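See structure below.
Predicted, not measured: the structure shown is a model, and the values here were computed from it.
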2 protein chains.
Amino acid sequence: MGSVTRLDGVAAREQALDAAERLFYARGVQSVGMDDIRGASGVSLKRLYQLFPAKDQLVEAYLARRDLVWRQRLGERVDRHRDAEERILAVFDHLHAWFGEPDFRGCAWINAYGELGATSPRVAAQARAHKLAFKRYLAGLVADAKLPPGTADQLQLLAEGAMVTAAILETAEPALQAREAAALLTRAAR
Amino acid sequence: MGSVTRLDGVAAREQALDAAERLFYARGVQSVGMDDIRGASGVSLKRLYQLFPAKDQLVEAYLARRDLVWRQRLGERVDRHRDAEERILAVFDHLHAWFGEPDFRGCAWINAYGELGATSPRVAAQARAHKLAFKRYLAGLVADAKLPPGTADQLQLLAEGAMVTAAILETAEPALQAREAAALLTRAAR
DNA sequence: TTGACCCGAGAACCATCGTTCTCTACGGTA
DNA sequence: TACCGTAGAGAACGATGGTTCTCGGGTCAA
């Protein structure tokens with residue numbers, strides 16, 4: 001029946017996105033071919049192109065799904081704390097844990113923007129949307145802590161800077177430096 | 001009796017690098033072909049491959065030369081000031097001016113790293129070298145201002161964060177936010 | 001002048017890759 | 001059983017791009 005096919009379609013879509021995320025994040029978008037995705041996911045090329053009419057759209061879907069997961073994980077880490085100030089610092093603890101993961105290769109959206117931002121409006125839009133969502137989330141934490149709104153922007157700069165520096169220098173330390181700076185900034189703004 | 005079209009090796013190299021810088025920075029490395037470089041520079045393919053045996057090495061040379069120019073420009077801006085504190089803030093004024101340039105497309109090394117860091121050791125090494133040189137420069141400014149050494153790392157995070165945020169959100173504002181944060185941090189660390 | 005040499009223009013070569021097509025097999029259905 | 005729609009494997013196609021080669025013309029030393 002239609003329901004069976006549809007379930008298969010959903011499962012195939014998830015498998016395809018799993019493989020896309022693993023490969024795109026590890027090697028970059030342009031050095032991964034659709035055939036690599038097929039090999040890693042077990043989803044046939046025909047099915048892949050039914051689900052995502054062009055590679056562009058697979059990339060878009062990869063970034064969109066990763067955005068949801070990334071922000072959810074961040075939220076879970078922050079929600080372990082009740083104190084508004086601690087919740088802000090937990091963002092940087094989360095970064096530190098992330099940077100230490102063995103397959104950490106920087107921020108997927110910064111990387112994708114560097115690779116395709118100039119040529120793919122879809123990718124540029126995903127990067128913008130993700131960073132704006134992150135900014136909104138920080139703004140909420142900052143408002144809860146009754147700090148001036150501009151502090152959220154400053155915290156975001158620290159976080160973004162930590163991501164790129166950790167990736168390029170291959171060390172998790174920037175998360176700790178950013179956390180220290182965030183503590184000073186929130187204290188200074190109070 | 002040099003005809004206009006014939007160039008010595010040094011001039012050809014400069015022209016090739018000029019074109020490479022313009023195109024690679026604007027469109028990304030992988031979407032620019034060697035033939036594009038030839039068309040934009042007027043340097044024949046044969047000559048290009050004599051000067052740079054592979055595209056990889058042209059990319060490396062592009063990043064290496066840009067590193068020198070970028071840091072020299074930054075230094076010139078900073079050297080307009082004598083007060084140690086002002087010299088630190090001038091870094092962020094420089095970023096603001098840079099972000100406002102019409103062809104600004106983010107940090108060339110962050111972009112190149114996102115695009116090729118996973119597959120090209122040469123590019124990864126260039127990005128690392130550039131960021132370490134920037135870090136050393138900031139450390140010098142911080143030492144001159146008699147601030148604790150860790151402040152330099154924090155300032156770098158602000159600067160890197162401003163670069164990626166300005167690129168993705170297409171606004172120069174992050175430079176001002178970073179400057180404000182830098183002022184607070186240096187004051188707090190004193 | 002001549003002939004060895006070098007250069008640029010562009011074709012050629014070869015691999016890769018996004019995308020589509022063909023062909024065969026199979027599962028459900030009357 | 002006979003039919004039909006669909007799926008998957010993989011070939012095919014067309015474009016692109018890195019790299020090399022050919023060719024014709026100009027340059028320079030002797």
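What separates CD1 of Ile37(B) from C1' of dG18(D) is a distance of 12 Å, to the nearest Å. Rounded to whole Å, atom C1' of dG18(C) lies 13 Å from atom CD of Gln57(A). Atom CE of Met34(A) and atom C1' of dC13(D) are 17 Å apart (whole Å). We find that CZ of Arg47(B) is positioned 14 Å from C1' of dC5(C), with the value rounded to whole Å. Following rounding to the nearest Å, Leu58(A) (CG) and dT19(C) (C1') show an atom-to-atom distance of 14 Å. Between the C1' atom of dG17(D) and the CZ atom of Phe24(B) lies a distance of 12 Å, rounded to the nearest Å. Spacing between atom CD of Gln50(A) and atom P of dG5(D) amounts to 16 Å, rounded to whole angstrom units. If you measure from atom OH of Tyr49(A) to atom P of dG8(D), you get 16 Å, rounded to the nearest angstrom.
In this structure, Leu45(B) and Gly42(A) both approach DNA chain D, and ranking their closest nucleotides by distance from the 5' end singles out Gly42(A). Each of Arg38(B) and Val32(A) was assigned the nucleotide of DNA chain C with the nearest heavy atom; the assignment lying further toward the 5' end belongs to Arg38(B). Toward the 5′ end of DNA chain C lies the nearest nucleotide of Gln30(A), the other residue of the pair Lys46(A) and Gln30(A) mapping further downstream.
At a threshold of 4.0 angstrom between heavy atoms, the contacts of Lys55(A) are confined to the sugar-phosphate backbone, with no base atom among them.
A salt bridge links Arg71(B) with Asp67(B): at least one charged nitrogen is closer than 4.0 Å to a carboxylate oxygen. Salt bridge status for Arg82(B) with Asp144(B): absent, with no side-chain N to carboxylate O gap under 4.0 Å.
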Exercise for the section: Show your reasoning for whether side chain to side chain donor-acceptor pair (under 3.5 Å) applies to Thr165(A) and Gln156(B). Expected result: CA-CA 9 Å; Thr165(A) 307; Gln156(B) 179 168 28; 5.2 Å; no
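Between Trp70(B) and Trp98(B), the ring-plane angle classifies as perpendicular under the 30° and 60° cut-offs.
Counting only heavy atoms from C-beta on, Ser44(A) has its side chain closest to dA9(D) among dT19(C), dT20(D), dA9(D).
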